[in-house]
2 protein chains.
Amino acid sequence: MSKSNNVYKDAFNRCLRLLDETKSLPSEPELGTLLGVSRTTVRSILARMEETGLIDWNKRNKTVLRAPRSEDFFPEEETDSLAEIIERSFMRRLLAGGAEAGMQINELELAREIGVGTTSVREFLIRFSRFGLIEKRRNSHWVLKGFTRAFALELTEIREIFELRSAAAFAALPEDSAVWADLDRLELEHRQLASEIATRFNEFSELDERFHRLIHRASHNRFIVDFYDVIAMIFHYHYQWNKAEERQRNEVAIQEHLAYIAALKSRDPGKVDAACRKHLKSARQTLLTSIPEGRQMQPA
Amino acid sequence: MSKSNNVYKDAFNRCLRLLDETKSLPSEPELGTLLGVSRTTVRSILARMEETGLIDWNKRNKTVLRAPRSEDFFPEEETDSLAEIIERSFMRRLLAGGAEAGMQINELELAREIGVGTTSVREFLIRFSRFGLIEKRRNSHWVLKGFTRAFALELTEIREIFELRSAAAFAALPEDSAVWADLDRLELEHRQLASEIATRFNEFSELDERFHRLIHRASHNRFIVDFYDVIAMIFHYHYQWNKAEERQRNEVAIQEHLAYIAALKSRDPGKVDAACRKHLKSARQTLLTSIPEGRQMQPA
DNA sequence: GTAATGTCTTTTATCGGGAAAAAACAATTT
DNA sequence: AAATTGTTTTTTCCCGATAAAAGACATTAC
């Protein structure tokens, strides 16, 4: 068992959803771009769809025969990549307590516990190391540095430096830049979310990330853009474990974003700086309150 | 052939150099710490030293019998770790022309060319990716982003932000902090190097790194400290390919460092800022002049 | 009784192999 | 002739296995 076919399964599931909308599927290369996979995978998908009577496939003709049923889908858990599985397991262990700073991380043990090979775990740890939470001892184990208050403060310090710069660069972008349309679209989405906050408050997290990434991109600096990966990772898990007052926090954040957007549109550097600072300050506060002083983070 | 014993060979060579200085070697654990290896490796070293008649080894007694000869040493090239070998090969390819931005990187081909397994190459690429020079296409190849002028500008932009902050933090450190002694020591080394610049100018690179790392550490921010790895890597290779006017450049840099050190010692924020800016500006200039406009970097 | 040595166990670093997925090439179809 | 399908080759992803190196435990020496 050398490689799971999760790419195929995930693409298959996504392709099933396309079936609802059309009477026939497009060409193989087109489907490939649509699903983000190679033609090889597309053909496997089509083959199975034909087998299970979902479509009639004859060269260029891919006629939809019936709507997909829930049994047609592959189980969700089989569509995740190994890297995702390992990350989730690792973060769960990290946040599920007992993860003291200084603790050593054992590749073999992790691999056995998750049920994967050591190579995948090693690759994950190397990739994960750039988040600043673990550190490698040469020829030896990894050391957990811990999800501490110090970590959160160091993270937000850089975030603030970078975002203030990016926001300033954003506001200085020429009138005809495409970003202004992107910003308008995001503003609209914010307003829609604000009006349905009671039911959709948990959709904020994803909108938040798109908004900040748009701003950071204005820096035109790959190190600033890449650094947002660290923030996104932390906030991703932060949102998962800290559900306390989630709705209210998100409501406040949306309003801050709207003020921030207005400031950007005004293109007044002073206003941009003020709105950005205000939002970053409350974001930092939110993160910090979820880390008890002098202890490790714990799930809510 | 699963793992080379370069750790042993490298430690053995370093241990040989200790033989010149003493009549007998210390205990195994002590040797281990001294050489940065485990006792297992220390014992392999001692075993070979006894075999080749370098020492007489009987439990606690490790008497030196003769001075090491050049044949006793393992060849230099056998002491490098695989990661170092791969990095060097990769950077040579990158700098040896023909490395256009957008080019795709083939793991298998690289592995075959260097003569190592794909796993090691994969791990190297993952580790290397944080330098911002390559990018991964999911389930597919890596893409070379190129050693371009844009890269150098993005890199130096962050460097300047971080170093100005770190320098300010450094100057604000309390009188009794240990860093002031470190700084004094570095100042002395700078003066010594300056006085023998004609013969030792190529030693500057290493001193430069230690100096800047000391300053960055004052930020107490792991992201700032870690970012210096990117700078160090780039400058390391930069120094290797751009030998033009090396002596003069280093002479100027040493003087800038001395002025920078004096500013830090004055603890006057204005002076620190000015000295830091001046040095960073010329460092950026040096880097930029080695990258021809609109083209890839080429070795000198 | 502390610290060293001797011995045994575990973990890391690395390889080769094999299935999944991508990519390249050839043959059709419109 | 441009795009699509059919076929073959190459590459990526991941595992299990193995030697090097680290680490743990037992024994001995001072």
Side-chain angles (χ1 to χ4, degrees), chain A residues 1-11 26-32 35-47 57-62 81-83 85-86 104-112 115-126 136-142, chain B residues 1-11 26-32 35-47 57-62 81-83 85-86 104-112 115-126 136-142:
Chain A
M1 190 235 314
S2 45
K3 193 182 182 181
S4 93
N5 55 353
N6 69 81
V7 173
Y8 155 70
K9 287 179 177 172
D10 180 55
S27 76
E28 295 171 12
E30 208 170 323
L31 261 176
L35 298 169
V37 295
S38 74
R39 249 188 76 219
T40 309
T41 305
V42 167
R43 287 171 69 85
S44 309
I45 292 170
L46 292 173
W57 182 25
N58 191 303
K59 314 232 160 148
R60 283 159 205 243
N61 280 53
K62 302 159 195 96
S81 76
L82 241 204
I85 294 169
I86 296 174
Q104 66 187 62
I105 297 161
N106 188 318
E107 289 177 4
L108 204 58
E109 190 189 312
L110 252 181
R112 274 193 296 245
V116 298
T118 47
T119 313
S120 317
V121 170
R122 280 174 68 80
E123 287 181 6
F124 164 75
L125 291 171
I126 295 170
K136 176 95 178 120
R137 292 286 141 83
R138 205 181 117 91
N139 271 311
S140 180
H141 53 260
W142 290 84
Chain B
M1 192 231 318
S2 44
K3 193 183 183 182
S4 91
N5 54 353
N6 70 83
V7 172
Y8 155 70
K9 288 177 177 173
D10 181 54
S27 77
E28 295 173 12
E30 207 169 323
L31 261 177
L35 298 168
V37 296
S38 74
R39 248 188 76 219
T40 308
T41 305
V42 167
R43 287 172 68 86
S44 310
I45 292 171
L46 292 173
W57 182 24
N58 190 304
K59 314 235 161 143
R60 279 154 209 249
N61 279 53
K62 305 166 194 90
S81 77
L82 241 204
I85 293 168
I86 296 174
Q104 67 187 61
I105 296 162
N106 188 319
E107 288 176 7
L108 205 58
E109 191 189 313
L110 254 180
R112 272 194 296 247
V116 299
T118 48
T119 313
S120 317
V121 170
R122 280 175 67 79
E123 288 181 7
F124 164 74
L125 291 171
I126 296 170
K136 175 97 179 118
R137 292 287 141 82
R138 206 181 116 92
N139 270 311
S140 181
H141 54 260
W142 290 83

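Note that the coordinates shown come from a computational prediction; the quantities given were computed from them, not determined experimentally. Reminder, nothing fancy here: chain letters follow the sequence lines and each chain counts from 1.
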A.B. asks: Might you point out which heavy atoms bring B/Y8 and B/T41 nearest each other, and give the distance in Å?
C.D. replies: CA-CG2, 3.8 Å
A.B. asks: Which part of the nucleic acid, if any, lies within reach of B/K9 when heavy atoms closer than 4.0 Å are counted: base, sugar-phosphate only, or nothing?
C.D. replies: nothing
A.B. asks: Has B/S38 got a side-chain N or O lying under 4.0 Å from the OP1 or OP2 atom of D/dA21?
C.D. replies: no
A.B. asks: Nearest whole Å is fine: how far is D/dT4 C1' from A/L31 CG?
C.D. replies: 12 Å
A.B. asks: Would you mind reading off the distance between A/I45 atom CD1 and D/dT5 atom P, rounded to a whole angstrom?
C.D. replies: 14 Å
A.B. asks: Got a second to check how far A/N6's CG is from A/L82's CG, nearest 0.5 Å?
C.D. replies: 7.5 Å
A.B. asks: In degrees rounded to 10°, what angle is found between the helical axes fit to the five outermost pairs at each end of the helix from C/dG1-D/dC30 to C/dT30-D/dA1?
C.D. replies: 30°
A.B. asks: May I have the distance from A/Q104 (atom CD) to C/dT11 (atom C1'), rounded to whole angstrom?
C.D. replies: 10 Å
A.B. asks: Specify the separation, in whole Å, of atom CG of B/N58 and atom C1' of D/dA29.
C.D. replies: 12 Å
A.B. asks: Classify every nucleotide of nucleotides 7-16 of chain D by which part a protein heavy atom approaches to under 4.0 Å, writing B for the base, S for the sugar-phosphate alone and - for neither, in 5'-to-3' order.
C.D. replies: B---SBBBBB
A.B. asks: Looking at every heavy atom in both B/V121 and B/E107, which two are closest together, and how far apart are they?
C.D. replies: CG1-O, 3.9 Å
A.B. asks: Let me know the distance between OH of A/Y8 and P of C/dA19, rounded to the nearest Å.
C.D. replies: 17 Å
A.B. asks: Within less than 4.0 Å of OP1 or OP2 of C/dA27, is there a side-chain N or O belonging to A/K59?
C.D. replies: no
A.B. asks: Just N and O in the side chain of B/T41: are any of them under 4.0 Å from OP1 or OP2 of D/dA22?
C.D. replies: yes
A.B. asks: Apply side chain to side chain contact (heavy atoms under 4.5 Å, CB included) to the pair B/I126 and A/F124, showing each step before the final yes or no.
C.D. replies: CA-CA 9 Å; B/I126 296 170; A/F124 164 75; over 6 Å; no
A.B. asks: Just the rounded figure in Å: distance from P of C/dA20 to CG of A/D10.
C.D. replies: 16 Å
A.B. asks: Work out which heavy atom in B/I45 is nearest to a heavy atom in B/A11; give both atom names and the distance.
C.D. replies: CD1-CB, 3.6 Å
A.B. asks: Quick one: pull up CZ in B/R122 and CG in B/L108 and give me the separation to the nearest 0.5 Å.
C.D. replies: 11.0 Å
A.B. asks: Could you check how far CD of A/E30 sits from C1' of D/dA3, rounded to whole Å?
C.D. replies: 11 Å
A.B. asks: Roughly how many Å is it from CD1 in B/I86 to C1' in C/dA13, rounded to a whole number?
C.D. replies: 11 Å
A.B. asks: Under the salt bridge (charged side-chain N to carboxylate O under 4.0 Å, His left out) test, which residues partner A/K62, sequence neighbours left out?
C.D. replies: none
A.B. asks: Which heavy atom in A/L31 sits nearest to a heavy atom in A/P26, and how many Å separate them?
C.D. replies: CG-CG, 4.0 Å
A.B. asks: Between B/E28 and B/W57, which heavy-atom pair has the shortest distance, and what is it?
C.D. replies: OE2-CZ2, 3.5 Å
